[in-house]
J.: 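If you scroll down you'll find the structure; I have some questions about it.
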Amino acid sequence: ALRTGFQAAQTKGYRYVLTIDSDGQHFPSDFHLFLDKIEQEPDSLIIGARNMNTENVPGKSSFGNKFSNFWFLVETGLNLPDTQSGFRLYPIQAMKQLRFFTSKFEFEIEVIVKAAWSGIPVTSVPIGVFYERGAKRVTHFRPRVDFARISVLNTWLVILAFLWYRPRRLILNFNAVNIRKFVQRHFADPSESSIRKALSVAVGVFFGIVPIWGFQLAAAILAALLLRLNKAIVIVAANISLPPMIPVILYLSVKTGELVTGREVVLRFSGLNIDLVKANAYNFYVYMIGASVLAVVAGLVAGILTYFLLGLPGRKGTADAHS
């Protein structure tokens with residue numbers, strides 16, 4: 001229904017579409033919040049962020065929202081308070097070039113992830129929410145089937161994010177201006193201690209090297225959430241394992257493994273990849289030991305170096321109280 005509505009509105013030349021769930025949880029009068037927001041941020045995709053701590057909010061809804069928010073963060077690097085709300089404003093003309101393949105509940109996840117990947121700003125605005133005490137909500141959501149479909153979609157989006165979107169975005173954004181902006185925003189923030197920033201770098205580098213290929217970034221983000229670290233710094237530091245750096249990390253891991261185990265591995269740096277390392281059980285053992293040790297050492301060195309640099313004279317806001 002959403003996709004059909006979008007297509008019809010695009011054909012008629014509309015710039016935006018405002019959608020709302022039909023189960024009575026939203027207040028239609030909140031529509032003006034979206035209009036105010038879109039005036040400030042044109043062509044953004046705006047999600048109405050519900051207060052999930054409100055009385056009578058079902059436990060399943062609260063858990064599902066947190067679950068969805070986490071995977072959206074992994075897939076896009078963006079932190080949103082409510083990725084499941086159906087009260088949204090879509091910039092349908094800006095979305096015209098996007099292609100979607102889902103057609104049920106999981107579409108609401110696919111659309112915001114692909115919008116973020118395409119460069120459309122995805123943001124939120126606080127809205128009210130109403131859940132009637134003891135009332136049975138009318139819903140077409142089938143917990144087992146639809147949750148399975150959503151899980152399959154998230155798995156596919158995570159794979160795409162690691163193999164294409166994140167490397168592509170990092171390469172496109174790798175310029176002096178953006179690097180300077182990132183450093184000023186996250187390292188020169190006086191409200192955040194130098195220890196927390198240094199720990200964020202250390203944890204990111206550790207998970208970028210530790211031999212859990214395919215899960216490194218997800219594990220780094222989870223650690224950042226659990227330890228309450230700077231997620232942006234952790235994510236950037238974890239990207240030390242981008243494709244151009246993989247041969248270097250593999251080579252250093254093998255050499256570290258040789259020092260620790262006393263065993264010798266015959267591998268050339270040229271053309272070195274994880275498949276070559278895994279092809280031989282002997283080599284793989286040395287690599288696993290070496291990568292684990294290297295991850296710890298590199299993380300510690302990166303963290304200590306960051307803490308030292310943040311404490312240098314002239315670094316305003318970084319030589320503050322380390323509480």
Side-chain angles (χ1 to χ4, degrees), residues 69-70 72-81 116 121 123 161-162 165-212 215-253 255-256 290-323:
N69 294 348
F70 169 75
F72 181 76
L73 174 63
V74 172
E75 292 152 5
T76 66
L78 302 176
N79 197 356
L80 287 180
T123 184
F162 290 160
Y165 168 68
R166 286 187 174 277
R168 175 178 173 272
R169 189 180 68 169
L170 192 66
I171 292 171
L172 292 176
N173 291 340
F174 193 78
N175 58 61
V177 174
N178 286 329
I179 292 174
R180 192 181 304 115
K181 287 181 179 178
F182 180 86
V183 170
Q184 290 174 345
R185 179 178 178 184
H186 294 283
F187 284 95
D189 182 4
S191 66
E192 190 172 52
S193 70
S194 296
I195 288 180
R196 188 166 181 258
K197 297 168 187 171
L199 284 175
S200 299
V201 171
V203 168
V205 170
F206 170 81
F207 280 104
I209 297 175
V210 73
I212 51 173
F215 300 95
Q216 291 170 311
L217 191 58
I221 293 173
L222 180 60
L225 292 171
L226 293 175
L227 300 175
R228 297 183 179 180
L229 300 176
N230 185 310
K231 292 184 286 295
I233 294 178
V234 170
I235 290 171
V236 169
N239 275 297
I240 190 176
S241 58
L242 279 174
M245 286 295 297
I246 289 176
V248 176
I249 293 174
L250 291 175
Y251 183 78
L252 292 176
S253 296
K255 290 303 177 183
T256 303
S292 300
V293 173
L294 180 64
V296 174
V297 174
L300 288 173
V301 171
I304 292 171
L305 183 61
T306 300
Y307 183 80
F308 171 75
L309 291 174
L310 290 174
L312 289 177
R315 298 279 182 175
K316 184 180 179 181
T318 58
D320 47 49
H322 306 305
S323 58

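Given the structure is predicted, the values throughout are model-derived calculations rather than measurements.
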J.: Rounded at 0.5 Å granularity, tell me how far CD1 in Ile233 sits from NZ in Lys197.
T.: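 Those atoms lie 7.0 Å apart.
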J.: Determine, step by step, whether Leu217 and Val74 satisfy the side chain to side chain contact (heavy atoms under 4.5 Å, CB included) criterion, reporting the C-alpha distance in whole Å, the side-chain angles of both residues, the deciding distance to 0.1 Å, and the verdict.
T.: CA-CA 8 Å; Leu217 191 58; Val74 172; 5.6 Å; no
J.: Starting at CG of Asn79, measure out to CG of Leu225 and round the result to the nearest 0.5 Å.
T.: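 So the gap between those two atoms works out to 7.5 Å.
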J.: If we only count heavy atoms from C-beta on, is the Ile235 to Asn239 side-chain gap below 4.5 Å?
T.: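 They are in side-chain contact.
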J.: Only counting residues at least two apart or in another chain, list the ones meeting side chain to side chain contact (heavy atoms under 4.5 Å, CB included) with Pro121.
T.: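 Listed in chain order: Ser44.
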J.: Sequence neighbours left out, cut at 3.5 Å: what donor-acceptor pairs do the side chains of residues 199-211 make with other protein atoms?
T.:
unit_1, atom_1, unit_2, atom_2, d
Ser200, OG, Arg196, O, 2.7
Ser200, OG, Asn230, N, 3.0

J.: In Å and rounded to the nearest 0.5 Å, what is the OG1 to CD1 distance from Thr256 to Ile249?
T.: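 Interatomic distance, Thr256 OG1 to Ile249 CD1, rounded to 0.5 Å: 11.5 Å.
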J.: With rounding to the nearest 0.5 Å, note down the distance linking CG in Leu227 to CG in Leu222.
T.: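 Interatomic distance, Leu227 CG to Leu222 CG, rounded to 0.5 Å: 9.0 Å.
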J.: Minimum heavy-atom separation for Val234 to Ala224, with atom names?
T.: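 That would be CG2-CB, 3.9 Å.
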J.: Return the OG to CZ distance between Ser194 and Phe308, rounded to the nearest 0.5 Å.
T.: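 So the OG of Ser194 and the CZ of Phe308 are separated by 12.5 Å.
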